[in-house]
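To start, the structure itself, in structure tokens.
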Number of protein chains: 2
Amino acid sequence: MNQRDIARIAGVSTATVSRVINQKGNVDRDTYAKVLKVIEEQGYVPNTIAKSLRVRQTKTIGFVIPDIGNPFFPEVLKGVESVCVQHGYNIILGNTNEDVETERSVVRNLRQQRVDGLLMILVDERGETLRWGLRGAEGRFPIVFIDRHIKGFQYDSVVIDNEGGAFQATDYLLRLGHRRIAMIHGPVTMTPGGGRLRGYLEAMRAWGVEVVAEYVREGDFRTKSGYELAKHLMSLPVPPTAIFGGNNLMTMGIFEALRDMGIAVPDQVSLVGFDDFLLGAYLSPPLTVVDRPMSDMGRIAAELLISRIENRDQTAVRKVVLPTALRIRQSCREPQS
Amino acid sequence: MNQRDIARIAGVSTATVSRVINQKGNVDRDTYAKVLKVIEEQGYVPNTIAKSLRVRQTKTIGFVIPDIGNPFFPEVLKGVESVCVQHGYNIILGNTNEDVETERSVVRNLRQQRVDGLLMILVDERGETLRWGLRGAEGRFPIVFIDRHIKGFQYDSVVIDNEGGAFQATDYLLRLGHRRIAMIHGPVTMTPGGGRLRGYLEAMRAWGVEVVAEYVREGDFRTKSGYELAKHLMSLPVPPTAIFGGNNLMTMGIFEALRDMGIAVPDQVSLVGFDDFLLGAYLSPPLTVVDRPMSDMGRIAAELLISRIENRDQTAVRKVVLPTALRIRQSCREPQS
DNA sequence: GGAAGCCATGTAAGCGTATACAATTGACGG
DNA sequence: CCGTCAATTGTATACGCTTACATGGCTTCC
């Protein structure tokens with residue numbers, strides 16, 4: 001059952017059927033009704049593939065993420081989905097498993113699928129995989145980066161104020177009176193790793209508090225590294241009085257480690273996390289965290305992307321930086337020791 | 001840049017280029033190498049849309065879910081994604097927002113997008129929306145239901161043993177000595193609502209314990225209903241000594257209510273939840289829950305679907321029922337009163 | 001009354017691919 | 001030497017759609 005069938009049954013040409021379906025061009029009221037009736041009766045649905053081939057757009061975007069399992073992802077997706085559905089776009093998922101190789105093939109695959117644009121939370125911030133996957137299409141292909149800005153690409157991005165957020169959190173701990181503040185940050189080569197570390201360092205400097213090298217440790221953004229580094233920190237001869245976790249998962253690891261070691265939060269040590277999610281509010285004690293508007297990030301990124309797609313003459317690269325907010329709950333207090 | 005361009009540059013016909021790309025049919029080693037070289041040099045990628053139109057399959061499946069926000073979803077998706085990537089399939093997302101109207105349009109949309117098959121966690125278990133969205137394509141279109149079986153449709157499904165899981169949990173509480181066991185279950189019209197309720201009732205009957213009508217309340221699977229119903233239950237003249245939460249979110253609500261009321265778990269009341277997720281293990285106390293293999297559900301469903309897609313002559317409808325497992329942690333103990 | 005313009009519709013081309021079929025070549029057995 | 005067959009390649013069509021262009025009829029305005 002295709003347009004030609006409908007045309008035949010309704011006694012019109014395929015052009016008219018197409019015009020009816022797309023409500024484009026002039027068509028007589030009676031003809032319109034007649035065609036619509038036939039379509040309805042026959043249960044005909046247009047073939048979007050054929051349409052895509054013809055009009056050279058798929059009304060589909062690709063959403064590339066490093067890890068489906070990270071709670072960050074569904075939050076962002078929520079925002080993306082809401083604007084996509086508004087504009088009639090579909091979302092094809094691409095999971096890179098935090099792996100550069102996979103990332104490369106995902107980009108390539110998505111490009112083959114002829115998505116109209118790409119939303120990407122990349123692993124490879126050097127942009128190698130992207131450059132490779134895009135060969136020949138660079139610049140002509142709408143892309144918006146989320147959470148990370150890739151050097152050397154003239155594409156829009158939606159990120160958060162990592163430095164500001166980390167500064168705020170550290171400043172908060174300093175104001176409570178903490179001086180021995182540890183930070184477990186993510187890989188410094190990544191925006192969310194390096195940026196948050198810088199925020200922490202800046203706050204320390206602003207208060208004139210010396211940074212103890214032993215207190216600043218690099219994790220890999222996963223739960224386990226938070227767990228292990230926290231254990232290490234608290235085993236130090238002079239342990240910190242507060243710990244700042246560089247992302248949600250590592251903070252969970254820290255939390256677990258403290259519980260396992262029987263160290264009370266916030267009585268023996270204060271804890272601040274980066275990223276809020278379901279967890280924060282339900283734990284005992286509820287965690288004080290730097291919250292960021294994840295759903296908004298998705299929403300704004302999708303809007304940016306779609307406007308690029310539908311209005312290609314824009315040129316200025318836009319970089320949207322969203323603010324963070326410190327959610328003060330009960331995992332911090334003045335230092336006791 | 002298309003096949004014709006490659007053909008021209010390589011000095012062969014498009015047919016040969018196609019044969020090289022798809023490694024189908026006989027082609028001389030030298031010709032093969034030559035064409036491949038040109039493809040490489042030109043950075044040509046085949047147009048999958050055109051291919052899809054021609055071969056009448058898209059190598060894409062639709063995944064319809066009621067709520068992106070539910071932690072259940074990414075878990076299932078993880079399983080789905082892993083097998084899709086193995087078989088070279090893409091995933092298009094469809095979020096129904098737990099809304100029947102949206103569900104209808106999502107199904108219709110996905111059908112238009114010409115996905116090769118559909119994975120569905122449906123809201124409307126009566127199947128009305130599905131029947132409507134599928135008009136004309138019923139039976140000819142591969143579908144696998146996840147978590148819920150839709151009456152009146154001859155499609156495969158992957159569900160869990162809701163009754164067994166609920167039985168096991170209730171039995172566990174009974175063995176601990178509880179008799180006043182409350183259950184906050186989901187809508188009985190839904191598989192996970194009715195099934196779990198039945199499991200609870202069966203266990204009670206098996207032990208010859210009378211079911212107190214006041215202790216059995218229906219929620220809507222959302223956090224808030226769990227919160228409110230738990231408050232209600234614990235305000236009863238004779239409150240229950242144990243509560244069984246019908247899903248993850250409602251259990252969270254119950255947990256919160258108990259905390260707000262200052263009721264200690266498990267000392268004053270025992271708590272068992274249905275569905276494990278990140279949360280369970282981190283709460284204080286860690287929750288005892290009925291766990292189900294969510295990722296496996298996705299994996300198996302996707303495998304089922306893809307085998308249907310690629311081997312359409314199979315006929316027998318398969319209904320896979322996965323077992324649950326009771327994860328005993330620290331939210332239950334013998335009744336005190 | 002005729003030029004101009006609009007409306008409704010049809011005709012046909014082409015988007016980029018896969019593939020049935022035909023054509024050419026060379027090998028090989030009788 | 002001829003028929004047969006396999007290997008290699010090319011030609012041409014169709015997948016289902018949109019749309020530029022053509023056509024014919026009607027209105028409108030000088």
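Below, chain A is the first sequence line, B the second, and so on; all start at residue 1.
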Would you say D/dG16 has OP1 or OP2 under 4.0 Å from some side-chain N or O of A/Asn2? yes
Nucleotide nearest A/Lys51 when distance is taken to its side chain, options D/dC17, C/dA8, C/dT17: D/dC17
Need one value for B/Tyr44: base, sugar-phosphate or nothing, where a base atom within 4.0 Å counts as base even if backbone is also close, heavy atoms only. sugar-phosphate
Using a 4.0 Å heavy-atom cut-off, does B/Thr16 contact any base of the nucleic acid, only the sugar-phosphate backbone, or nothing at all? sugar-phosphate
Greater than 12 external heavy atoms within 6.0 Å of A/Arg318's CZ: yes
Tell me if the CZ atom of A/Arg222 is crowded by more than 12 foreign heavy atoms within 6.0 Å. no
Checking all strands, does B/Thr48 fall into the base, sugar-phosphate, or nothing category for heavy-atom contacts under 4.0 angstrom? nothing
Looking at B/Thr14, I'd like to know whether one of its side-chain N or O atoms comes within less than 4.0 Å of OP1 or OP2 on D/dG10. no
Using a heavy-atom cut-off of 4.0 Å across all strands, would you classify B/Arg19 as base, sugar-phosphate, or nothing? base
B/Ile49 CD1 to D/dG16 C1', in whole Å, measures 13 Å
Tell me whether the rings of A/Phe145 and A/His149 are parallel (<30°), tilted (30 to 60°) or perpendicular (>60°). perpendicular
Rounded to whole Å, how long is the line connecting atom NZ of A/Lys34 with atom P of C/dA8? 14 Å
Quick check: any donor-acceptor pair below 3.5 Å linking the side-chain of A/Arg114 to the base of C/dG16? no
When the nearest nucleotide of DNA chain D is assigned to B/Val55 and to B/Val12 on a heavy-atom basis, which residue is associated with the more 5' position? B/Val12
Closest contact, heavy atoms only, B/Asp147 versus B/Val159: C-CG1, 3.7 Å
Below 4.0 angstrom from OP1 or OP2 of C/dG16, is there any side-chain N or O of A/Arg56? yes
Would you classify A/Thr31 as touching base, sugar-phosphate or nothing, given that sugar-phosphate means primed atoms plus P, OP1 and OP2, and contacts are heavy atoms under 4.0 Å? sugar-phosphate
Name the nucleic acid region contacted by A/Asp28, choosing base, sugar-phosphate or nothing; use a 4.0 angstrom heavy-atom cut-off, strictly under. sugar-phosphate
Would you mind reading off the distance between A/Lys24 atom NZ and C/dC7 atom C1', rounded to a whole angstrom? 19 Å
